[in-house]
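Every chain is numbered from 1 and lettered A, B, ... according to where its sequence line falls, protein lines coming before strand lines. Given the structure is predicted, the values throughout are model-derived calculations rather than measurements.
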Amino acid sequence: MHVPVEWLRSVVELPAEVTTEEIADRLTMYDLKLEEIVGGGITGPLTVGRVLAVQPEEQKNGKTINWCRVDVGADRNEPSVPDAPGDDVPSRGIVCGAHNFGVGDLVVVSLPGTYLPELGFEIGSRKTYGHVSDGMICSTRELGLPDDETSAAGILVLAPGSAEPGDDAVAVLGLGDQTLDLEVNPDRAYALSLRGVGRDAALAFDVPFTDPAERPVPSADTPAYPVRVEDPEGCPVFTALVVSGVDPTAPTPGWMVRRITDAGMRSISLTVDVSNYVMLELGQPNHCYDRDRLQGDVVVRRARAGERLTTLDDVDRALTPEDLVIADDSGPIGLAGVMGGASTEISETSTSVVVEAAYWDPVTIFRAVKRHRLPSEAAKRYERGVDPELPLVGAARVAELLVELGGGTLEPGATVVGTAPRRAAVRVPVDLPARISGVPIAPEEAQRSFERNGCTVERDGDVFVVTPPSWRFDLNDPYDFVEEALRTAGYDQVPSVLPTPTGGRGLTRHQELRRRVGHVLAGAGLVEVTTLPFAGPADLDRLGIDADDVRRRQVLLANPLSTEEPGLTTTLLVGLLRAASLNVGRGHESVQVSEVGRVFLAREGAPEAPIYGTDRRPTPEELAALDAALPHQPFHAGWVLVGERERSGWDGAGRPVAWSDAVAVARRLADVLHVELTVEQAATAPFHQGRCAALVLDGTVVGHAGELHPTVLKEHGLPARSVAGEIDLDALLAASPAIGPRPAFSTYPVAKEDLAFVVDTSVTAESLRAALASAHPAVESVRLFDVYTGSPVPDGQKSLAFAVRLRAPDRTLKDTEIAEARAALVAAGEALGGTLR
Amino acid sequence: MSAPNSDYDPKQVAALGEDEVAQARDAALAAIEAAESLDALKAVRIAHTGDRSPLALANREIGALPPQARKDAGKRIGQARGAVNQALSARAATLEALEEERRLVEETVDVTLPTDREPVGARHPITTIQEHVADLFLAMGWEVAEGPEVEAEWLNFDALNLGPNHPARTMQDTFWVSPERAALVLRTHTSPVQARSMLTRTPPIYVVCPGRVYRTDEADATHMPVFHQVEGLAIDRGLSMAHLKGTLDHFAAAVYGPAVTTRFRPSYFPFTEPSAEVDLLCYVCHNEPGAVADCGTCRGEGWIEWGGCGVVNPRVLVACGVDPEEYSGFAFGMGLDRTITSRYDIADLRDLWDGDIRFTEPFGVGL
Ligand SMILES: [Zn+2]
């Protein structure tokens with residue numbers, strides 16, 4: 001909301017010494033936050049001048065400049081400027097590049113020493129194009145004025161006779177006026193008007209306020225124009241007045257143009273300007289119809305199926321029976337409270353005007369704006385709530401101005417259909433403001449603040465019975481009045497008291513474990529990234545994910561930002577591979593990144609989420625129904641490794657990343673969570689078919705790791721042999737025991753056996769290791785230390801060498817026991833088709 | 001019978017004289033002292049203690065002496081040999097130490113060589129600041145609550161006094177899950193976690209909810225469609241705005257240092273009443289005349305918007321099953337991304353999301 005300070009001061013008796021900044025500060029602490037102060041930055045001798053002579057001079061660059069002699073008033077003229085064109089009378093010589101002015105025109109001159117905020121520097125006398133230019137003739141833009149058709153050409157030319165050379169141009173143009181740009185929260189609809197801001201300013205400074213809405217209204221004994229309201233719920237109050245004989249050529253006075261433009265609207269014509277002016281002044285939107293274009297009675301009703309309306313913005317709109325319209329015999333002529341229609345629009349020839357002002361149901365307007373995607377200044381006010389007592393006042397104010405400025409005549413009578421809804425009284429315990437705000441607000445203080453806001457207050461024992469004023473849509477509940485009382489007492493009065501909870505239980509197990517995972521991933525040399533969780537089919541294609549893969553079950557968005565990414569991601573690898581590509585693209589040879597975050601998997605056949613009322617807590621079953629509608633959104637951990645796992649250096653060659661590095665990350669996570677994770681051979685996108693490990697927990701695959709498929713790497717611009725992994729962290733955390741394994745070890749001597757088996761290549765190392773580990777009770781540990789293929793191992797076979805440690809918990813193993821264990825180990829290897837080497 | 005003195009050599013017998021033994025000893029000691037290497041010392045050892053050395057020879061003569069002289073000579077020669085052996089081992093130790101020292105000097109390396117072959121991991125500052133804030137509240141006896149990011153419309157809006165026709169709903173540019181009748185949104189704030197906390201816990205409730213939230217903002221230097229919030233909720237008997245102020249003052253001091261100044265400014269949120277914005281006095285210009293106008297940190301305002309807060313609207317309490325006659329509460333919410341960008345002077349929010357490892361690396365595993 002833009003409020004010209006001069007206008008504000010006209011309704012609030014602010015002391016002259018109160019600066020604009022002080023007003024802004026006070027309003028900010030009164031819930032009308034200052035966005036910025038506009039205007040008022042011009043200093044120095046900005047002066048009205050008359051062009052006495054113009055001498056066009058063509059320059060070498062082909063451009064023509066004008067060398068001018070300008071009269072800037074007796075006080076500011078130089079006695080003589082012999083070099084300038086025309087007679088050498090007292091004046092100034094000024095070079096100007098624009099051409100939309102001539103001899104005799106009144107212009108605005110910034111003499112040396114003038115500061116124009118739009119330029120950001122002080123004008124000086126300077127030598128240019130062979131002359132000394134003693135100032136500058138200003139364009140509208142340089143003066144910070146809005147461009148319009150006449151000024152777009154450049155120099156601002158003032159209307160003849162509107163000023164004299166030597167006049168202070170800041171005063172003439174109202175350039176000293178400052179405007180407050182205030183942020184108005186949606187609950188304070190009344191502050192979308194001078195009236196509302198003025199009232200709050202008066203309260204904030206505790207000074208008298210002149211309510212511009214307090215004015216006589218015409219008698220409604222006879223209607224001014226026949227109006228029927230068929231939908232009183234959508235339109236509780238409708239008023240209309242008629243003004244005839246308006247001079248369509250009458251100009252809008254400068255003061256009004258200035259206030260309208262400072263408030264951020266454009267000046268169009270007197271009738272439109274008056275209409276907007278009253279909306280800005282009182283907060284009452286209104287509409288002016290060309291009476292001669294109206295056909296028959298005006299009716300307020302819902303639209304009929306198939307009806308159409310061309311609105312003032314020249315858009316032809318299909319209407320639905322939900323739309324509340326204003327209609328005449330021709331059909332709809334306006335979308336109620338949102339925008340008028342083109343067929344009855346005021347034109348350059350309109351002389352007779354029907355002024356409409358109404359109180360529309362805010363929800364109806366809100367829905368219409370949403371449905372037609374048609375925000376307007378009127379709708380912005382109506383949907384938040386316009387004072388329902390105001391329509392006739394607003395219409396009368398419009399009529400008054402049309403009579404006064406347009407030479408019109410107010411036709412007798414006034415149409416008033418409906419009455420303003422009565423406001424219910426609210427019971428507010430007298431101690432509530434102090435109790436909830438924590439500020440010792442005495443009941444008397446609270447009462448005074450309610451009354452000064454326009455409430456009527458009665459006291460019923462320990463309770464205030466407060467009836468809010470018609471314009472305060474935000475005062476409905478007892479706590480709403482607490483805010484009002486606190487606003488008056490001052491938010492800065494709230495003391496600082498630290499509450500003392502009775503003691504919490506610390507992090508949950510999952511929260512604690514997720515932190516552990518973060519540390520482990522960093523400890524594994526991975527750099528954590530956070531990536532945007534959006535993805536599309538093309539991203540999944542790039543990963544080579546099949547159509548029937550669970551990761552195709554994306555949660556799609558109704559309004560995605562990009563058609564490329566219509567939904568949420570189902571795998572962290574989309575973001576991680578993007579991040580890896582970005583890093584490689586920025587010149588990093590080695591990139592090792594990880595992320596912990598949610599992925600989103602749509603549940604097939606999930607029910608719609610119910611919408612409940614808010615007057616009670618939903619039942620446990622109702623709450624369960626909400627959760628049942630949600631997609632699956634588990635935390636995952638993902639990692640991508642590119643380049644060298646260990647860099648090359650002066651003390652050795654680098655070690656390129658390998659599939660095993662990706663699997664090692666998963667194993668390390670499982671270890672620190674004390675989870676039994678097994679690794680199985682798999683072939684899943686986006687991995688290399690032969691180098692993909694399934695990460696298995698209790699028979700369920702919870703993730704994969706391995707080398708990325710060459711096609712995937714190519715698609716992402718990543719070097720060959722890059723690796724990745726992703727695991728369902730929720731599943732991993734759920735399997736993590738509350739108490740980890742007991743540290744148990746034997747102090748008796750160890751016996752070491754190295755055994756190498758030749759097996760078929762199809763026999764996995766893990767299956768053989770597991771067989772050996774369970775081959776005999778004396779086996780303490782089994783560790784693979786070598787894999788060998790090639791002569792003399794036959795083709796299709798490999799040699800796997802294990803270091804086995806044998807030990808008993810309670811005694812030294814006898815030689816016979818060791819021999820027995822060794823035999824059991826050999827037998828276990830042979831059971832998998834192996835032969836001892 | 002052999003004559004006892006048949007091969008008696010008077011000269012050698014003479015060598016057993018006191019002077020001669022002393023001379024031999026001194027010669028040995030001098031040679032030991034002069035030995036400059038372990039090899040040289042070995043030669044000295046052979047020359048002065050070996051079988052042919054004067055003292056060894058003299059020792060052999062002892063038996064030939066008359067019993068009376070035998071004792072004296074034995075003592076004299078024994079002492080001399082002892083002194084020589086002691087000097088030998090002392091010299092050997094010295095030379096060994098010197099040789100080791102020399103060898104170590106020869107093994108000198110350039111310790112400024114890089115030691116950067118192991119990969120070094122790091123944690124994202126957004127993660128660590130969430131943990132930092134959580135720890136701060138945990139220390140006060142609060143708990144950390146979490147909830148889904150794809151959330152039911154009712155929990156994201158209705159339960160928080162943002163009914164379907166509430167104008168504030170359009171203020172929050174919401175991502176809707178398709179189809180819209182599914183009534184699911186990407187949560188626009190972490191407030192539904194507060195609602196869930198009230199629905200699943202019994203007062204008193206003190207929870208903070210850090211997490212990712214969504215708005216339909218195109219990514220640019222100052223906006224992202226996804227960002228991070230931390231919200232807090234306290235429900236107890238007798239809580240007021242004063243407890244909110246106390247909590248936020250404590251929170252601000254922990255994040256921005258003890259000198260920080262906060263201010264409440266009236267505002268509007270459907271889920272709180274009264275509502276306030278909490279501002280921080282600009283920690284660069286301190287809103288001081290002269291400095292504030294050109295301050296880039298607060299953009300000339302003197303105060304920095306930190307977050308929104310207020311007393312929980314009783315309508316929210318009712319929808320979430322808390323009796324407003326018995327309990328009151330307060331809630332607050334802050335963006336965490338901006339805390340990071342302003343603290344580390346990061347001009348472009350997208351840096352947090354691009355995944356360039358050079359963004360995360362300097363943070364290491366802390367803030
Ligand atoms: Zn500042």
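Looking at V144(B), both its backbone and its side chain come within 4.5 Å of chain A, counting heavy atoms on both sides. If you measure heavy-atom distances from I436(A) to chain B, the contacts under 4.5 Å come from both the backbone and the side chain. Using a 4.5 Å cut-off between heavy atoms, R616(A) touches chain B through its backbone atoms (N, CA, C, O) alone. With a 4.5 angstrom heavy-atom cutoff, Y612(A) touches chain B via backbone and side-chain atoms both. Contacts between Y30(A) and chain B at a heavy-atom distance below 4.5 Å involve the backbone alone (N, CA, C, O). The contact between L138(B) and chain A is made entirely by side chain atoms (from C-beta outward), counting heavy-atom distances below 4.5 Å. Proximity to chain B involves both the backbone and the side chain of H519(A), based on heavy atoms less than 4.5 angstrom apart. Interface remark: R367(A) contributes side-chain atoms only to the contact with chain B (heavy atom separation under 4.5 Å). The part of V555(A) that comes within reach of chain B is its side chain, from C-beta onward, which places non-hydrogen atoms under 4.5 angstrom from that chain. Both the backbone and the side chain of L561(A) come within less than 4.5 Å of a heavy atom of chain B. At a 4.5 Å heavy-atom cutoff, D474(A) makes no contact with chain B through either its backbone or its side chain. Using a 4.5 Å cut-off between heavy atoms, Q511(A) contacts chain B through its side chain alone, with no backbone atom that close. Only the backbone of S648(A) has a heavy atom closer than 4.5 Å to any heavy atom of chain B. In this structure, chain B has no heavy atom under 4.5 Å from any part of L576(A). Interface residue R515(A): backbone and side-chain heavy atoms are both found under 4.5 Å from chain B. Contact of P566(A) with chain B is not made at all, since no heavy-atom distance falls under 4.5 Å.
Using a cut-off of 4.0 Å between Lys/Arg side-chain N and Asp/Glu carboxylate O, D356(B) and R358(B) are scored as salt-bridged. Contact check on E301(B) versus K33(A) returns a salt bridge, with a Lys/Arg side-chain nitrogen under 4.0 Å from an Asp/Glu carboxylate oxygen. One finds no salt bridge joining R384(A) and D187(A) here, because no Lys/Arg side-chain nitrogen approaches an Asp/Glu carboxylate oxygen to under 4.0 Å.
F534(A) has its ring centre less than 6.0 Å from the ring centre of F175(B). Ring centers of H223(B) and W353(B): at least 6.0 Å apart, outside the cut-off. Ring centroid separation for the pair F251(B) and F137(B) comes in under the 6.0 Å cut-off.
The candidate with the highest count of non-hydrogen atom pairs below 4.5 Å against chain B, out of P495(A), A580(A), G613(A), G438(A), is P495(A). Counting heavy-atom pairs closer than 4.5 Å to chain A, the top residue among L199(B), D236(B), L317(B) is L199(B). Between chain B and the options N559(A), L34(A), V494(A), the largest number of non-hydrogen pairs under 4.5 Å is found for N559(A). If you tally non-hydrogen atom pairs under 4.5 Å between each of A579(A), G649(A), S437(A) and chain B, the highest count goes to S437(A). Chosen from A602(A), S590(A), P499(A), G504(A), the residue pairing most often with chain B at heavy-atom distances under 4.5 Å is P499(A). Comparing E131(B), H250(B), R263(B) by heavy-atom pairs within less than 4.5 Å of chain A, the highest count is held by E131(B). The candidate from D480(A), T500(A), V369(A), L626(A) with the greatest count of non-hydrogen atom pairs under 4.5 Å with chain B is D480(A). The residue among V529(A), T531(A), N583(A) with the most heavy atom pairs within less than 4.5 Å of chain B is N583(A).
For the residue pair M198(B) and V316(B), the shortest heavy atom distance occurs at CE-CG1, 3.8 Å.
Side-chain atoms of D249(B) and T262(B) include a donor-acceptor pair closer than 3.5 Å.
Side chain of R645(A) to main chain of E118(B): no donor-acceptor pair is present (N/O by atom type, distance under 3.5 Å, no hydrogens or angles).
Under a cutoff of 6.0 Å and an axis angle of 45°, R514(A) and F635(A) form a cation-pi pair.
Ring geometry for Y491(A) against F264(B) counts as perpendicular: the plane angle is over 60°, on a 0 to 90° scale with 30° as the lower cut. Ring geometry for F359(B) against H124(B) counts as tilted: the plane angle lies between 30° and 60°, on a 0 to 90° scale.
Looking at residues two or more places apart in sequence or on another chain, you find a side-chain hydrogen bond (donor to acceptor under 3.5 Å, both in side chains) between R181(B) and E608(A).
Interatomic distance, E646(A) CD to D661(A) CG, rounded to the nearest 0.5 Å: 10.0 Å.
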